[in-house]
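None of the values given here were measured: they were computed from a predicted structure. Values reported hereafter were calculated over all heavy atoms of this structure, with side chains retained and with hydrogens, waters and symmetry mates removed. Along the sequence shown, the residues carry numbers beginning at 1. Counting starts at 1 for both ligands and their atoms, in listed order.
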Amino acid sequence: MSSKEIGFNTICTHLGEIEDQQFKGAISPIYLSTSYAFEDVDVKRYPRYFNTPNQEALCRKIAALEKGEASLIFGSGMAAISTTLFAFLQKGDHIVLQRTLYGGTANLVNEEFEKHGIEFSYVDTQTAAGFEEKIQANTKVIYIETPSNPLLTITDIEAIATIAKRQGIVSMIDNTFASPVNQNPIELGIDIVIHSATKYLGGHSDILAGAVISTEEHMNRIFEVAKNFGGSLSDFTVWMLERSIKTLGLRVKQQNENAMKLATWLEEQEDIAAVHYPGLPTHPDHQIAKKQMKGFGGMLSFELQSHLDATQFQKALTLIKSSMSLAGVESTILSPTLTSHALLSEEERKRQGINDGLLRLSVGIEEENDLIQDIEQALNKVKTLALQD
Ligand SMILES: *Cc1c(COP(=O)(O)O)cnc(C)c1O
């Protein structure tokens, strides 16, 4: 069966599975060998060459999910991002990046690129014209992330891909927040798609992994760097990730639905000053989101009215846990100012529109009424506290 003939959930459950010829078991066997006997001199299997049986099988599944020709899986999202960037950038080259990036990606660029003589420019406006303006003669890569963290701004993927193609520049996207369920950038003309598989692909807050999907040609180039950097994923985790992806479509569908209902409910509450969710018609980029996304995802953020204490609110939640990561089946919340964006200066946070009272919610698969009830009781508690002050 080729991936063109089967639907998303069938790819999730079956594509790339390794048949258990010995015992006819229902799931892929796991091969933990780091050493394989030569069959012929061409096939040298070794985990750091990204070619063990489990790695190769899972790469077929992930490539199919993102409609790419090939993929590689890595030991973390950052291993995937750094390897891919260094595969396409060398001394004297320039990259144009969206300003609102995952913190780890921004740190990689800000702390490592200068050492390697790689130039970079950030785009503040996030419009296609904003990106085009920053392109120089030595620009080799355009890098975007949409929806962005934590304000869920949307970049027009097709518009960016068009500019990149016209100028002969490689386009890359961090597609972590959308997941392949909601957005397939390769279909919109993007060259290379990157995921922190720690998030939706893993989905159970128990796997650290990354993935890159593109054409055979680009993936070969990335592989040549990847084997030197050594960021491969252990086969045990590869096997866990295959298991996790079987339910990717179901999980994210429920997370989309829950997030849409929560965002709509939050917007109606007078204690809430703002809700950021691309699925809401009031979101400034809603039209672009509608054009390029199949669902609006499980991530949203909101601000309490300024007289309510966001930290007390977080503490008052009982079902929704305060936690750093995201995209698990359980709902989690964090304050970007105090955690993910704490390293930015106050001025930079203001510039990006991140207020101190902003909270980012990763919506899980729980019953939406239980989530609403939890938020409602926490709001009541902080309102009582505010009255006492
Ligand atoms: C978590 C995350 C990363 C980094 O992934 P790790 O698996 O933690 O290395 C990159 N991009 C986005 C959008 C993320 O959320």
Locate the shortest heavy-atom distance separating Pro147 from Met293; write the atom from each residue and the value.
->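 So the two residues come closest at CG-CE, 3.7 Å.
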Distance-only check: which donor-acceptor pairs under 3.5 Å involve side-chain atoms of residues 202-210, not counting sequence neighbours?
| from | atom 1 | to | atom 2 | distance (Å) |
| --- | --- | --- | --- | --- |
| His204 | ND1 | Gly202 | O | 3.0 |
| Ser205 | OG | Glu330 | OE2 | 2.7 |

When you pair each N or O of ligand 1 with protein N or O atoms, which pairs come out under 3.5 Å?
| from | atom 1 | to | atom 2 | distance (Å) |
| --- | --- | --- | --- | --- |
| ligand 1 | 5 (O) | Ser196 | OG | 2.9 |
| ligand 1 | 7 (O) | Gly77 | N | 2.9 |
| ligand 1 | 7 (O) | Ser196 | OG | 2.9 |
| ligand 1 | 7 (O) | Thr198 | OG1 | 2.5 |
| ligand 1 | 9 (O) | Gly77 | N | 3.0 |
| ligand 1 | 9 (O) | Met78 | N | 2.8 |
| ligand 1 | 11 (N) | Asp174 | OD2 | 2.6 |
| ligand 1 | 15 (O) | Lys199 | NZ | 2.7 |

Residue pairs passing the side-chain hydrogen bond (donor to acceptor under 3.5 Å, both in side chains) test where at least one lies in residues 289-300, sequence neighbours excluded |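 Qualifying pairs, neighbours excluded: Asp156-Lys291, Asn184-Lys294.
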Presence of salt bridge, Arg349 and Glu346, under 4.0 angstrom =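 No salt bridge links Glu346 with Arg349.
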Please list, one pair per line, the donor and acceptor atoms closer than 3.5 Å that link side chains of residues 295-309 to other protein atoms, with sequence neighbours excluded.
| from | atom 1 | to | atom 2 | distance (Å) |
| --- | --- | --- | --- | --- |
| Ser301 | OG | Pro150 | O | 2.7 |
| Glu303 | OE1 | Asn355 | ND2 | 3.0 |
| Glu303 | OE2 | His276 | NE2 | 3.4 |
| Gln305 | NE2 | Glu270 | O | 2.8 |
| Asp309 | OD1 | Thr311 | N | 2.8 |
| Asp309 | OD1 | Gln312 | N | 3.1 |

Centroid separation His116 to Phe86 less than 6.0 Å =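 Between Phe86 and His116, which both carry aromatic rings, the centre distance is below 6.0 Å.
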